[in-house]
Amino acid sequence: MEMTKGDGRLAGMESVVGILLITAILLCPLVLGRFWLFFVAQMLVASYLAISFNLAYSYGRVLVLPKAHSLASVLILRCIWLLRLRSAWY
Amino acid sequence: MIVVVTLIATMIVGALFGAIFVRMTGHNPTIATVILATAGLLTANALGTITGSEDGLGVSAAAVGFGALSIELGPTTELYYLLAIPLVILAAIWHFSQHRDFWKIVRAVASNELRAQQLGYNVRLRKIVIFAVSAGIAGFGGALYALLMKHVSSTTFDLGLSVNAILYAVVGGLGTIFGPILGVLVIYPLTEIVAHYFLYVQIVIGAVLIFTAIIMPKGILGTLFRRKRT
């Protein structure tokens with residue numbers, strides 16, 4: 001698992017792309033209107049699901065559907081809602 | 001606070017199911033997760049009084065957090081940063097932990113399970129941890145999705161969303177840190193544009209997935225940078 005000089009260069013180039021992406025994401029509210037900001041926010045939610053899949057598949061070797069996890073979060077939300085803890089927990 | 005609770009709860013659920021899935025071999029874990037997801041969807045539809053079924057639930061929050069740490073949620077900007085900052089932190093943690101021993105062992109497990117096992121590493125434990133973290137990330141995204149849309153229903157979690165998540169990761173570059181984010185930035189707007197002109201957008205998504213699998217199986221980032229190396 002030793003990294004070669006080439007691997008280091010690749011990691012460096014990926015870092016540059018990553019920094020550009022992160023900068024763009026963080027600066028979006030300064031340049032975008034409400035509609036487009038909402039649109040990009042939806043893309044960020046999709047990013048979480050994509051990262052989740054990427055992690056499980058690339059490093060856990062399990063092709064898992066992220067919706068199962070997301071669905072669980074909705075059920076938890078509803079349980080808290082039913083317990084009338086909404087205002088306290090948010 | 002709800003976001004943190006959801007994160008922890010989904011990690012626990014993920015660890016429990018992960019403990020079962022890592023014992024399976026071949027394509028069985030994939031089939032099991034599809035069955036689990038479908039069963040979950042059907043259960044959510046059946047328990048309409050709790051989950052709201054296809055009509056869904058209204059979710060609203062004026063602020064998130066506790067006491068002095070609470071953030072007032074404005075129209076969109078505050079919620080946007082609530083989504084963006086954890087994503088940036090996640091990417092940074094992932095990036096800077098690449099040279100840590102744990103991550104090296106995880107990569108070794110992913111590349112050759114048998115070899116890692118023979119070297120004395122606990123393969124199952126590491127796979128369960130990865131599965132739990134993966135579940136936590138998706139759960140976190142799910143909770144923020146609920147806060148963003150202010151409404152969630154069981155129909156949101158149909159197979160299309162999961163296929164799209166796979167597509168984002170594959171197009172961006174599997175195994176890379178920023179690949180999935182790049183995949184979303186490319187595919188998500190493309191899907192919306194195509195949907196504006198063409199009703200059967202899934203056909204286009206399928207075509208993109210096939211094209212990516214044949215032409216650039218390592219995704220955009222993987223293909224761009226690895227091709228330069230050779």
Side-chain angles (χ1 to χ4, degrees), chain A residues 1 3 6-7 9-11 13-15 17-18 21-22 24-26 28-29 34 37-82 86 88-90, chain B residues 1-2 6 9-10 13-14 21 29-30 33 36-37 40 50-51 57 59 61 64 75-77 80 83-84 87-88 104 106-108 110 127 130-131 134-135 137-146 148 152 157 161-162 165-166 168-169 174-178 180-181 183-184 188 221 225 229:
Chain A
M1 300 306 290
M3 279 187 76
D7 288 332
R9 202 182 303 131
L10 286 175
M13 288 169 82
E14 200 193 334
S15 303
V17 173
L21 278 175
I22 285 170
I25 288 169
L26 292 177
C28 270
R34 209 171 141 185
L37 201 58
F38 185 76
F39 184 76
V40 178
Q42 283 179 292
M43 287 164 66
L44 295 185
V45 171
S47 297
Y48 281 105
L49 297 185
I51 287 172
S52 165
F53 170 78
N54 186 28
L55 190 65
Y57 184 70
S58 302
Y59 298 99
R61 293 284 174 233
V62 183
L63 204 157
V64 61
L65 300 180
K67 73 168 182 178
H69 307 318
S70 301
L71 191 65
S73 71
V74 175
L75 292 174
I76 293 159
L77 274 172
R78 183 55 174 171
C79 290
I80 291 166
W81 180 286
L82 284 175
R86 191 162 58 107
W89 282 85
Y90 279 132
Chain B
M1 190 63 191
I2 184 71
T6 309
T10 44
V13 173
F21 292 154
T30 307
T33 56
L36 178 71
I50 299 171
T51 62
L57 330 160
V59 181
V64 290
T76 313
T77 311
Y80 178 86
L83 275 159
L87 189 69
V88 171
K104 284 179 182 172
V106 163
R107 280 208 302 258
K127 285 181 84 170
I130 289 292
F131 199 83
S134 162
I137 294 168
F140 186 76
L144 290 172
Y145 174 84
L148 179 72
V152 278
F157 304 104
L161 186 74
S162 295
I166 295 169
Y168 302 141
L174 281 171
T176 58
I177 301 162
F178 300 103
I181 303 173
V184 172
Y188 199 94
L221 281 186
F225 297 148
R229 185 187 179 188

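Computed from a predicted structure; not experimentally measured. Note on naming: letters A, B, ... go to the chains in the order of the sequence lines (proteins, then strands), and numbering restarts at 1 for each one.
Of the inter-residue distances, the one linking A:Q42 atom CD with B:L83 atom CG reads 10.0 Å to the nearest 0.5 angstrom. For the atom pair CG (B:L174) and CZ (A:F53), the distance works out to 6.0 Å, reported to the nearest 0.5 Å. Note that the CD1 atom of B:I181 and the OH atom of A:Y48 stand 9.0 Å from one another [nearest 0.5 Å].
Proximity of B:Y80 to A:I25: side-chain heavy atoms (C-beta onward) are separated by under 4.5 Å at one or more points. Using a 4.5 Å heavy-atom cutoff, the side chains of B:I166 and A:Y57 are not in contact. Between B:Y168 and A:L49 there is no side-chain heavy-atom pair separated by less than 4.5 Å.
Highest contact tally toward chain B, considering only A:L26, A:L44, A:V40, A:L37, is held by A:L37 [criterion: heavy-atom pairs under 4.5 Å].
A donor-acceptor pair under 3.5 Å is formed between the side chain of B:S134 and the backbone N or O of A:S52. Not one N or O on the side chain of A:Y59 forms a donor-acceptor pair closer than 3.5 Å with the backbone of B:R107. With hydrogens and angles disregarded, no donor-acceptor distance shorter than 3.5 Å links the side chain of A:N54 to the backbone of B:I177.
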Exercise for review: With side chain to side chain contact (heavy atoms under 4.5 Å, CB included) as the test, would you mind laying out the steps for B:L87 and A:I51 before giving the verdict?
Suggested key: CA-CA 10 Å; B:L87 189 69; A:I51 287 172; 3.5 Å; yes

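With a threshold of 4.5 angstrom between heavy atoms, A:L21 approaches chain B through side-chain atoms but not through N, CA, C or O.
Nearest approach of B:I130 to A:L55, heavy atoms of both residues: CG2-O, 3.6 Å.
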